[in-house]
Amino acid sequence: MRRLVAQRRHRMRRFGWPAVVFFVVMLWGLPVAFAALGRWTVAAFMLIFGLAFGGYLLWANTRIRRHCRRMDEALGSAPPTADPAVS
């Protein structure tokens, strides 16, 4: 079980920066592009939606990371299991 939690924490850390870059471009790039075209209502809607969605993603990611960290700490005192199915 410890190995499974460690693998999940590793997978969560592995692709973090490309996703952050993508969401920053989507959050700021598209509203700026629509504002440059004069579509202010679309730009404002996209900015509000992007901020709300980004806030939700940040909250969910923090909650999942905290949950995995607490599981890892709780399993830290248990002896490691040698399960060949989990590699």
Side-chain angles (χ1 to χ4, degrees):
M1 189 69 171
R2 270 192 345 197
R3 189 186 303 166
L4 185 64
V5 172
Q7 284 177 350
R8 176 148 183 190
R9 289 181 78 187
H10 175 69
R11 280 195 320 254
M12 287 171 41
R13 280 190 305 264
R14 190 168 42 179
F15 297 112
W17 288 110
V20 169
V21 170
F22 173 76
F23 283 119
V24 165
V25 168
M26 295 301 288
L27 178 65
W28 295 106
L30 286 177
V32 167
F34 277 107
L37 293 173
R39 310 274 320 256
W40 291 101
T41 55
V42 175
F45 176 73
M46 290 182 71
L47 187 62
I48 291 169
F49 177 76
L51 288 173
F53 187 65
Y56 166 74
L57 288 177
L58 181 65
W59 171 78
N61 188 24
T62 303
R63 188 177 65 90
I64 290 170
R65 286 181 186 264
R66 186 180 322 124
H67 180 70
C68 284
R69 181 180 46 84
R70 286 181 181 164
M71 282 188 350
D72 198 19
E73 289 172 357
L75 291 170
S77 60
T81 59
D83 187 4
V86 180
S87 58

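Only heavy atoms go into these numbers, but all of them, side chains included; no hydrogens, no water, no symmetry mates.
Under the 4.5 Å side-chain heavy-atom criterion for Ile, Leu, Val, Met, Phe, Trp and Tyr, F34 and F45 are members of distinct hydrophobic clusters. In the hydrophobic clustering of ILVMFWY residues, with side-chain heavy atoms under 4.5 Å counting as a link, V24 and L47 come out together. Cluster membership check: F23 shares its hydrophobic cluster with M46, using side-chain heavy-atom separations under 4.5 Å among Ile, Leu, Val, Met, Phe, Trp and Tyr. Both L30 and F22 belong to a common hydrophobic cluster when Ile, Leu, Val, Met, Phe, Trp and Tyr are linked at side-chain heavy-atom distances under 4.5 angstrom. V32 and V42 fall into different hydrophobic clusters, where Ile, Leu, Val, Met, Phe, Trp and Tyr side chains are chained together by heavy-atom contacts under 4.5 Å.
With sequence neighbours excluded, no residue forms a side chain to side chain contact (heavy atoms under 4.5 Å, CB included) with I48. With sequence neighbours excluded, the residues satisfying side chain to side chain donor-acceptor pair (under 3.5 Å) with R69 are E73. Not counting sequence neighbours, R8 has no partner by the salt bridge (charged side-chain N to carboxylate O under 4.0 Å, His left out) test. For R70, there are no side chain to side chain donor-acceptor pair (under 3.5 Å) partners two or more places apart in sequence or in a different chain.
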Would you mind writing out the side-chain donor-acceptor pairs for residues 53-63 within the sub-3.5 Å range, not counting sequence neighbours?
| unit_1 | atom_1 | unit_2 | atom_2 | d |
| --- | --- | --- | --- | --- |
| N61 | OD1 | R65 | NE | 3.2 |
| T62 | OG1 | L58 | O | 2.8 |

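The side-chain hydrogen bond (donor to acceptor under 3.5 Å, both in side chains) contacts involving residues 34-53 comprise nothing, where partners must be two or more places apart or lie in separate chains.
A pairwise comparison of heavy atoms in A43 and P31 identifies CB-O, 3.3 Å as the closest pair.
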